[in-house]
Number of protein chains: 2
Amino acid sequence: MIRAATIIDDRQPALQRLAALAPLDAEVIDTIVAAAGQAQTIRARRELVSEGREIAEPLLLLRGWAARVRLLPDGRRQFLSFLLPGDVVGHCPQPRPVAVATIVALTDVLVCAAPPAAPGSVLGTVYAVGDALDQAYVLAHVTRLGRLNAQERIGDLLLELHERLTLNGMARGTSFDLPLTQETLADALGLTSVHVNRMVQQARRENDLQWKGGRVTLLDPPGLARKIGRVPVRVSATVGPQPARAR
Amino acid sequence: MIRAATIIDDRQPALQRLAALAPLDAEVIDTIVAAAGQAQTIRARRELVSEGREIAEPLLLLRGWAARVRLLPDGRRQFLSFLLPGDVVGHCPQPRPVAVATIVALTDVLVCAAPPAAPGSVLGTVYAVGDALDQAYVLAHVTRLGRLNAQERIGDLLLELHERLTLNGMARGTSFDLPLTQETLADALGLTSVHVNRMVQQARRENDLQWKGGRVTLLDPPGLARKIGRVPVRVSATVGPQPARAR
DNA sequence: CGGAAATTTGAGACGAATCAATAGCTGTGG
DNA sequence: CCACAGCTATTGATTCGTCTCAAATTTCCG
């Protein structure tokens, strides 16, 4: 029974996130649960997808963190985006798609094949909204890197992660587990780990956040968002995490 | 006759680019030419799409340059990507899509409605490959902003633009028209216009490029690519601008 | 030709990188 | 239970790249 409970726990964040993208019916839930039954674990640091290689099939991330990353010839590294439970990776409609970035597991990760979906079906809508969100997060990342300073970049990324982890139920209020080293964060934010460290300390001093032992608490998310001029993501008028709201 | 020739010239880069994404049959070409017949001109600085507003229909860019851009509350500006003739904008499969970025005309621009396409059709493949390329260019931009220095950013972007303008036939050898101010370039590259100016001058001194009166000539594209560690984009094993090649 | 926009130049300030060392943690095995 | 190895986080001193501010100068365009 403990075993079963654990498995259900594993699926819960992914299911919750998919359900947030579009209302799921029982049939779709069954499809996803069935796919999740064939899940496999991949160890931290292993590659899920390799840049330049053909993509086999889209995957649904059930547990753990992954990231899209690009390595430069001279060893510099840039994380392009973080992938959380409920995210679908490698969903490309063109024929014989080739991966334009490597996807690497940041923690041990549980993945299953993403069930195929007809365009226009419920699941098709879920994937479409998920893809749109992915793209929106990448665009937000461009702005972060291009026009925010170090302190703003850190705050902005943590707010985004909190938003996404709230969506899939992995946040507890304003706290969440952050299984990233400061070096990883630096390679996502276009900074050095030394500077990330200094700016995190400053954020702690300014009572923007706590961060100890892999767990982050944002002390005032709306205040922080105001401080760095962040607006939440919205990709559809009818569905998704940011419901329409009167002006 | 001069009039007709002009119109054909206008369509040519867009058609050439679409044809490069997947082989077009006569019917698809007719469809595109018919759509292009309903084209309209939009003046420089006008918005084609507004962030936060619902997207009406996808558009095909026939002539001129546009860009996706995001404005921060305090006036900072970040260009997310440049759009060239043959690019399709606002192609979003989710229901009632909302624009996550503004699209603004950088020059006078000619656009028409992008003809609808069934998934799996020739035109559907064209759109799919085009979308994949767009996403790949955005990911390249993330890497540019996160891990390249000012000189590398400029060279890398110019190489990408040259690659794209070669694809749609707007480049002449290693030269092409670049209708951007240094300030626009700066807002794309996360720099100030003053610094862009200095780095462009340095590139001129080092014989990497010429740039006069809105026209750029790259003096040794492969050499420049090597110098900054650039690898061209490839999104499909069967189609697209970068054919498979023996190692 | 005149005025606005774009490019260029200079001097100085500041944010982030670099280099180097120390301290803290985590897991491992004796 | 302690000692050790190997990360990860932290601190300090200094350098470097880019920004800022300000002022020419040149180019574009009506």
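Chain identifiers are assigned alphabetically (A, B, ...) following the order of the sequence lines, protein sequences preceding nucleic acid strands; residue numbering begins at 1 within each chain. Not measured: the values here are computed from a predicted model.
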Item checked: Given D:dT8, C:dT9, C:dA16, the nucleotide with the shortest approach to the side chain of A:Asn149 -> C:dA16
Notebook entry, point to check: Sub-3.5 Å donor-acceptor pair from the side chain of A:Asp156 to the main-chain atoms of A:Arg153, do we have one?
Noted result: no
Next item on the list: Return the value, rounded to whole Å, for the distance between atom CZ of A:Arg45 and atom C1' of D:dT8.
Entry: 12 Å
Next item on the list: Consider the side chain of B:Ala150, meaning its heavy atoms from C-beta on, and name the nucleotide among D:dT18, D:dT11, C:dT7 that approaches it most closely.
Entry: D:dT18
Notebook entry, point to check: Once you round it to whole Å, what is the distance between P of D:dT10 and CG of A:Leu185?
Noted result: 12 Å
Notebook entry, point to check: Within this structure, what is the CE-to-P distance between A:Met199 and C:dG15, rounded to whole angstrom?
Noted result: 9 Å
Checklist line | Rounded distance (Å) that lies between atom C1' of D:dT18 and atom CZ of B:Arg76 | finding: 15 Å
Next item on the list: Determine yes or no for a side-chain-to-main-chain donor-acceptor pair under 3.5 angstrom, with A:Asn168 supplying the side chain and A:Pro85 the backbone.
Entry: yes
Notebook entry, point to check: The side chain of B:Thr192 lies closest to which of these nucleotides: D:dA9, D:dT11, D:dT20?
Noted result: D:dT20
Notebook entry, point to check: Would you say A:Arg164's side chain and A:Phe82's backbone share a donor-acceptor pair under 3.5 angstrom?
Noted result: yes
Next item on the list: Rounded off to whole Å, could you give me the CD-to-P distance for the A:Glu183 and C:dG24 pair?
Entry: 21 Å
Notebook entry, point to check: Whole Å only: how far is the CD atom of B:Gln182 from the P atom of C:dA6?
Noted result: 11 Å
Next item on the list: Looking at every strand, decide which applies to A:Arg204 at a 4.0 Å heavy-atom threshold: base, sugar-phosphate, or nothing.
Entry: sugar-phosphate
Note to self: I need the CG-P distance between B:Leu189 and D:dC19, as an integer number of Å.
What the structure shows: 10 Å
Margin query: Would you say A:Glu47 and A:Ser50 are linked by a side-chain donor-acceptor pair, where the criterion is simply a distance under 3.5 Å?
Written below: yes
Margin query: Any base atoms under 4.0 Å from B:Gly190, or only sugar-phosphate, or nothing? Heavy atoms, all strands.
Written below: sugar-phosphate
Next item on the list: Verify the contact: side-chain N or O of B:Asn197 to OP1 or OP2 of C:dT8, cut-off strictly under 4.0 Å; return yes or no.
Entry: yes
Checklist line | Among D:dT18, C:dC19, D:dC19, the one nearest A:Val194 by side-chain distance | finding: C:dC19
Next item on the list: Take B:Gln201 and A:Ser193, find for each the nucleotide of DNA chain C with the closest heavy atom, and name the residue whose nucleotide sits nearer the 5' end.
Entry: B:Gln201
Margin query: Measuring from the side chain of A:Leu191 (C-beta onward, heavy atoms only), which nucleotide among C:dA17, C:dG10, C:dT8 has the closest atom?
Written below: C:dA17
Item checked: Closest listed nucleotide, where the reference is the side chain of A:His195 and the choices are C:dT18, D:dT20, C:dA16 -> C:dA16
Check: Quick one: does B:Arg198 reach the base of C:dG10 with a side-chain donor-acceptor pair under 3.5 Å?
Finding: yes
Check: Rounding to a whole Å, what distance do you find between A:Gln202:CD and D:dT10:P?
Finding: 14 Å
Next item on the list: Output yes when a side-chain donor or acceptor of B:His141 lies under 3.5 Å from a complementary backbone atom of B:Leu157, and no otherwise.
Entry: no
